[in-house]
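Report on the structure given below.
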Amino acid sequence: MSTYLVFALKRFLQFLAVVFTGVSASFFIAHLSPISPVETIIGRVSGQSAFSPEAVESLRQTLTELFGLNVPLHEQYFNFLRRFLVGDLGPSLLAFPTPAMKLVGLALPWTVGLLTLSTILTWLVGNILGGLAGYYQNSRLLKAFGIVAIGVQPIPYYIVAFLMVIIFGFLWPVLPVSGGFAMNVRPSWSPEFVGSILLHGILPAASLVIVGLGTWFLGMRALVSNIVTEDYVTYAELAGVRRERIVSSYVIRNAMVPQLTALAMSLGGIFSGTIITEQVFSYPGLGTLLVRAVNAGDSAVVLAVSCVAVIAVATAILLIDLIHPLLDPRIRVE
Amino acid sequence: MFSVFRDLIRYNMEFAVGVVLVGAIVLFSLLSFISPVDPTAIYTTIPDMPPSAEYWFGTNSRGQDLFWHLTFAFRNTLFFGLSVALLSRVISIAVGLAAGYLGGWTDRVLMFVNDIFVALPTFPILVLFYFVLRSDLDMFKLALIMACFGWPYDARLIRSVALGLKHREFTRHAVFAGMSPVKIMFEEHLPYVMPIVFATAMANMIWSIGLEVTLAVLGFTNINIPTVGTALYWANNHSAMVVGVWWWIVIPVVLIVLTFLGLFLLAVSMNEYIDPRSRLRRMGA
Amino acid sequence: MSVTTDILTVDRLRAYYQMNYFGIEREVRAVEDVTMRVKANEVYGIAGESSSGKTSLIKVLAAAIRPPLRVLEGSVTYRFNGNPLDITRAAEEEIEAVRWRHLSYIMQGSMSVLNPVRRIGRIFEDFAFRPMGLKRDAFRAAVEAHLARLHLEPGVMNSYPHELSGGMRQRVTIALATVCRPEFIIADEPTTALDVVVQKDVLAMIREVQQALGSSVVFVTHDMAVHASIADRLAIVYAGRIVEEAPTRTIFTAARHPYTRHLVASLPRIGDTSPKPSLEGRPPSLAEPPPGCRFHPRCPIAIERCRKEVPILEEWPGEHRVACFRAHEAIPAGEILHLKRGSLQ
Amino acid sequence: MTRPPLLDLRDVTKTFSMGGMLSRRHVGAVNGVSFALSAEKPEIFTIIGESGSGKTTLARMILGNEVPTSGEVLFEGENIAERRGAARLAFMARVQPIFQNPFEAFNPLKRVDRYLASTARRFLGARSRAETETPMDEALRKVGLSLKEVSGRFPHELSGGQLQRVAVARALISKPRVIVADEPVSMVDASLRMAIVNLFRRLRDELGVTIIYITHDLATAYYISDRLIIMQKGYVVEMGPARPILDAPRHPYSQLLKRSVLSFDESGAGQIKPSGRDEVDLTAESLIAGRLEPAEDGRFVRLSKPILEPRQTAGAL
Amino acid sequence: RGQEEAAAPPLNEFPREETLIINNPEPPAINPGMFNMWVAGNGAAWSNGLHQLVLDTLWFIDPDAGLDGALYNQLAKERWQYNEDFTEMTVRLREGILWSDGEEFTADDVVFTVETQMKTPGMVWSAPFSQYVESVKAVDDHTVHFTLKQPNSRFHSIFSVRWNGAWIMPEHIFSKVEDVTAYDFNPPVGLGPYTLHSYDPNGYWYIWQKREDWDKTALAEWGEPGPKYVIYRSIPSTDTRLIEMVNGNLDMIHDLTPEGMFSLVKQSPTSRGWFPGFPFAHPDPTLPMVIFNHQNEKFQDKRVRWALALMLDARAISMASYRGAATLSAIAVPPTGTHPKDYHAPLQDWLVNYELDTGKQKIKPYDPTIGLQIADMVRPQFGDQVPTDEEAIRTAFGYGWWKQDIQAATELLESAGFTKQGNQWMMPNGEPFAFKLTTFSEGVINRMGTMIAQQWSQQGIQVTAEADPEIYRSTLPLGTYEAATAWSVETWGGDPDLSFFLDSWHSQYVAEPGKRQPHRNWQRWKNPNLDKIIEEVRKTEFTDPRNLELGHEFVKLMVDEMPVIPVMSFNVFSAYDTRYWTGFPTAEERPYANIVTNWANSKYILTQLKPTKQ
Ligand SMILES: Nc1ncnc2c1ncn2[C@@H]1O[C@H](COP(=O)(O)OP(=O)(O)OP(=O)(O)O)[C@@H](O)[C@H]1O
Ligand SMILES: Nc1ncnc2c1ncn2[C@@H]1O[C@H](COP(=O)(O)OP(=O)(O)OP(=O)(O)O)[C@@H](O)[C@H]1O
Ligand SMILES: [Mg+2]
Ligand SMILES: [Mg+2]
């Protein structure tokens, strides 16, 4: 068998182990929460009506049995593992008996869409600017951008997002500040709907881009300012190779490997959603679902989101490791 | 040591500005120890006063003097950020260097653990701790928990550097000079990763403070502890943005930005200091 | 017409590394008062110990002057197609125009001058496609033909640098620098750290290419054996100054400068078992070079004058120039080699 | 003789599997190498060979950094690979390396004397300052330096020659029997080269240290070594007393090597010729075909064809 | 829905003058396509318009005055009829009511609703129905007869909407469904005047459209609902709600922060709250209070509880929690709806003359001017937004509260065996008097708790406020607290009957320490007199005036014992905008309905709305 296949197989086994451990950890995290979904539901149905204490007690018992919470934790764990193997994460406790994965599936496209887009955009712009700033170290404009990037970086994301709402929704109301699309268009592939989605995505995406840009920019700038001192760059310059070619194929191309790795990691990370973005922009997505599930003690949904995140990140790591040798011809598989 | 410090201040603008900024913020947060007001007391002054000679940073809608309130907030936030950065640096250095230098099974096991920590979703875990510990969740415990999630990526980075160092001749030389692996890792290799450590420490602080703010804004931290996060939480809770009490938000944010600018400048100049080769380059010996 | 047209004239060149950090100004006087000429169709060797300023000089010659290196004085004039071009003063575009077409440079450490993530073929395109001005197919054919001359198979075009052995990479670098058939090639230690067999092949090839193209080559190395086999003329550099310059044969048989004589005498040869001396003392710091003759602290025959005055490069018969106050005296080899013996012997 | 040899290599082989991206190759870095160094008489034992011929790998096996795939390396009769813990430490005290690049051998971020101090503490069990510094100074004096000159200095504050001497001094602290020097002069310029080579000679003569000197510089090998082996593709192709072999090599590769040494005789003539490696069959098959067989003057040569008359090489080099 | 329609949606589909946009305070629906709200915990959203506009049940009791009294006969033609000993109840239903799919509403639907839930555990009303109902049958098409398992004078309250109630299921739909609990009821078929138009697949908004046959619903009796479309939007961020209203994209806001409300009325001339001026907010029929854990020995002595009450300065609490916009109540009945008329006003004299023996002296702790004082305090900031008329101030700021009286508190504590060392009160057992005050993790109740803790601390009792997001789910039920700020009193609001919360206060339900306490009696207080009151309420018909007398007895008992310290009503900063619609209820002129948008009762507002034709 070829070395690469052996390596890939080993790597895949590690992936399985990571997923198993991560998912198991997620199970206990989700189930150790002191919040009881049963109480959440009781609070909801009885809190605002005249419910007798006896009725409440009876409802409590029914729900506890229904949710399978009356068996010991380890039994719940083994039940979970059995179901997990066939891809079933069980019913949501907040929306019983709707499968938790169905709820996740509803929110997922929004989160993934928004985050993939903004992450890739941020990554591209940040890296290009950072690459240029690292190469043209005397450019005033890029220097100024660097200072801005350093300044913006520590501003809490919440503030940035909210400022966008205030500026573009209030002081100068030109963009929609809430929702995923307008109410008068219906989901379809019509240009109106797609346009509406894009329009509603502008502010959330912009806030993410603004906050994320600095990190990529600074990282890339640091990488590139190391690479420009490499002999092969100097040599290409001395040989009169075109500047654009040097920047692209010599400088940025060499900085790409670590940056691609980081990109894959952050793309893996998007499956946990962006809680603040969703809160501030009333944007649909996993973050809101997660916060609500956590708040309501819906361990099934917390677990489903966690599992998706664990698998996504583990897959991202796996993919990075698998394609790393392809990206960097120097890498040898050991 | 002192003379180095003096020279740095005198000749290195970046260092000087960094020291001034960070020093000012640290001093500011130290003022909390002589604060005349109790940071948890509310309605001790007239609320919503803009910054003035009497109230330098104004007062918030909870009737607190923001200047004194923020001294506590910054003390706690800085302590928190530094603790997370420090603790997670310790873990990432130990793991990164050990995995890189020792290799083999150690490497495999450590990277496996690393992958798991990367993969685990942080948010539900932090919230879980909040629900379990609630008001026992002080800044140190929170720092401890976050430190557990702040190390993996940086450990990978350090490991990749350590992997390269492992095959350098001076490492082999050190082995035959009888140095133990621990000594080699922490005395020979550590200085090489220090620039990474500094750079990632900054990023880590930004991350941890940002996460603290996120948790606080969502109400998942102990909101009785004054921090930058809880300051923003309360500001949000009183609609400070739309009501026009801008100083409640702008001032802490400006201070945070200044802190990190200062830290950034310090990190840049410290990296140069640590590396005698770059000192050499500068002196031109 | 004269066979000995000078293609390069360096006149009273001074180039320092000037640094100003921490408010402290420091200078490294890497190239001090260098005057030299390189004729068409010759290999001009530059020898000298480590950090004597060989690379610094070469950087100036190759118009690779980057801060903190600065030219303070003097000129470096090329004469391509009869047009003089002083690269210390010329505009960047003018220099750009001669690069690779007329003037190419093999950098020190040629192991690391190839972009690790780019295939060799692409590197050739980057470097030579524009200067050569050929159609793509013709270009490829030309490159392959040139590689063949250097005993490289066309297959290397599809390889990444790391896939090639050190010797192959070295040859690729040489091919890269010579593919445009430049009149002037500057080579900085192109064979260091190659094994002897490969080294010999590479040197033979450089010589062959040089002769085929009729180019001039400035060749830098501290390995005297290499100079012996390839250089027509040789300059010995010590602490930023040329201390002796002569046809190679003269350097090896009739050197006048004590440093050169020491250098030549210390070369071990197969079959020769006589004890070889080693030069003691530290190479001088170019930041604070000793006053007078820079060699005097290590010179076994130094006199009072050497400590104070800087000897100038005097013309001797037979294209020979020496900078030593005692060059006229007939000093026996033994005195030079054994007077100041190292602490070992 | 009851006393085992100082160092005894018995049919040592090392195979690496190189993972290319899509294929796996096995590289025989060292193939069936055997030789022994006498415990009685210190010598300079040279290993010569082309790049990649397994010299470094061999050195690493002698140092115990690499475990042979087959065969064994015995130091004073004991297998090096089996030494662990204290035994390994004791071994390291007796067999010390010197590295190729003096600038690389010291951590540029650390002072050089810490290597000396560490050696003194670990191998001599020195505790106090005086206990550490006395052997350090002694060792440095043996190489013409002193602790005063060296202590507190960073590598970039010392010249390459000084650094290499510090490295030798460091190796001497534990009073080793063997020093393994892997290309100790290849990165050093001509004027420093002899200083180090001369130092080796003195170590052998005055301190009785056996030196394994790895190089591809035939001239210095000729200058100092007592015995040598010539390696090619992991095989020893010629082995025996140094000067006779270098004067008249027998194996085609040895001859090629010698032919490739640049001559000073025609200096300035610009008449350099290719090495002629194409004319020599350097394939592994041709090497496996031959066996290392004893020849006159105590040398061994690997030849598949009957031993040839030494080819006459041009003049005295 | 047809493909063509989906492909080309009319962009001006919801003309602003025909559309009412309401803020749904709930977070976006977690299970947006789920409308079967009879199943407990299936994630169906309620406040998205479903229970306001689509579902219906027998009676409604408004927390405010109501269009014609607070008690509405909705699907029922008239009030409930019990037999002598409350073991049977008969209901006569309206005729001519149609389900939104055209099917007629009959007694079978009611019977089906009850029977289905009785035999299907896990539905919202399964437990109460099973507990109370022996049998139910349709006497004829429009009469339903219930036979109860035991006497129950409040059985009808299950079908009486205060916030929400037992909605009637469409029998013709559900009887065809195999598994009622798994059915999504999408699109919902209801008895209300609106049907589902469309909804956000992410649960942020729901759009409802007026039925053509709206006049075939029970609501028609109160008039035609104004808006053709009603949109319920979930906007989690209160600041965004404000922005959307200022931008004209929202007509009714459920709740803002006090500061947000002040800012809104300043910025948008067409926006207003329940009160035309300060304090703007609508008082909910709930009563934020200090709850003592009566199973904690620190609070066994009523002198201690009274001392703690007298240490408080209600003005500071009002300022801290509501910036002065609180409606205070010294008694255990919220000062909302019809309660001021029934309780606060009649009992004012009794309170003014109420005497408390501190052990050293007798004092009259009640201060009827507290509300006036607060009005004076906020007047500099809000000017003529603050009412000047004493009666108006009473309604807005409350009838009065206990005067802060440190001297009396000191005497009470001393007589209870407490001693003061320095500035620290010590308990009789010699330990410092210290406890934790559990409070909400945000909002005005959190502010109130923080302030109360601070006031006690200033008086030498170490009280720390602990924000607790789990206060209602676990802390209060499990009794794992010492004292808390929350509420255990909730009333109908529009009716003096207190059974809504009071029945659960009976000592029969008080749990052992460590066990879970059933709803509402979080303080775990047992009192024989209280039990007597409750038992009599159980035997008294809902509309019987005797109820009010019993209520007064309860209030007096609560003042004597001070088992909890009532503070104020829970004020909700609901706002509405009159740019596009008029006719909203107001506190001063037409307090006909609760404007808090998630209450099912808010549907009556729609019948009063008229477009402004902008
Ligand atoms: N970029 C630089 N900045 C400052 N000083 C430099 C720089 N590059 C070289 N030097 C110094 O200039 C002097 C001459 O260096 P140079 O590289 O020219 O020597 P060299 O003769 O080429 O040595 P080698 O044989 O090691 O290549 C040395 O002292 C070196 O430290
Ligand atoms: N760790 C390793 N993994 C795989 N292959 C190796 C390893 N070390 C050495 N090799 C291979 O073994 C062979 C011998 O290498 P070695 O370094 O011993 O040669 P060398 O004679 O020291 O060469 P040089 O003169 O270039 O130092 C080479 O082909 C090399 O590529
Ligand atoms: Mg050089
Ligand atoms: Mg080697």
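- The list of side chain to side chain donor-acceptor pair (under 3.5 Å) pairs with a residue in residues 84-97 of chain B, not counting sequence neighbours, reads B/S88-B/N204, B/R89-B/D154, B/R89-B/T200.
- Counting all heavy atoms, side chain and backbone alike, D/N107 lies closest to B/Y192 at OD1-CE1, 3.3 Å.
- Taking both residues in full, the closest heavy atoms of D/F106 and B/F170 are given as C-CB, 3.6 Å, listed atom of the first, atom of the second, then distance.
- Both the backbone and the side chain of D/N101 come within less than 4.5 Å of a heavy atom in chain B.
- Closest approach of B/A177 and D/F123 over heavy atoms only: C-CE1, 4.0 Å.
- The distance from the CG atom of D/L63 to the CZ atom of B/R172 is 10.0 Å, given to the nearest 0.5 Å.
- Contact between D/A167 and B/H173 at its shortest, heavy atoms only, is CB-CE1, 4.3 Å.
- Residues D/R122 and B/S180 come closest through the heavy atom pair NH1-CB, 4.2 Å.
- Listed by chain and number, the residues in a side-chain contact (heavy atoms from CB on, under 4.5 Å) with D/Q162 are C/R282, D/L145, D/E149, D/L158, D/S159, D/R165 (sequence neighbours excluded).
- Residues D/S118 and B/G178 come closest through the heavy atom pair OG-C, 4.0 Å.
- Residues of residues 86-97 of chain D having a heavy atom under 4.5 Å from any heavy atom of chain B, listed by number: D/R88, D/M92, D/V95, D/Q96, D/P97.
- Contacts between D/L116 and chain B at a heavy-atom distance below 4.5 Å are absent for every atom of the residue.
- Note that the CD atom of B/E169 and the CG atom of D/D182 stand 7.5 Å from one another [nearest 0.5 Å].
- With sequence neighbours left out, D/R114 forms a side-chain contact (heavy atoms from CB on, under 4.5 Å) with B/M179, B/E187, B/E188, D/K110.
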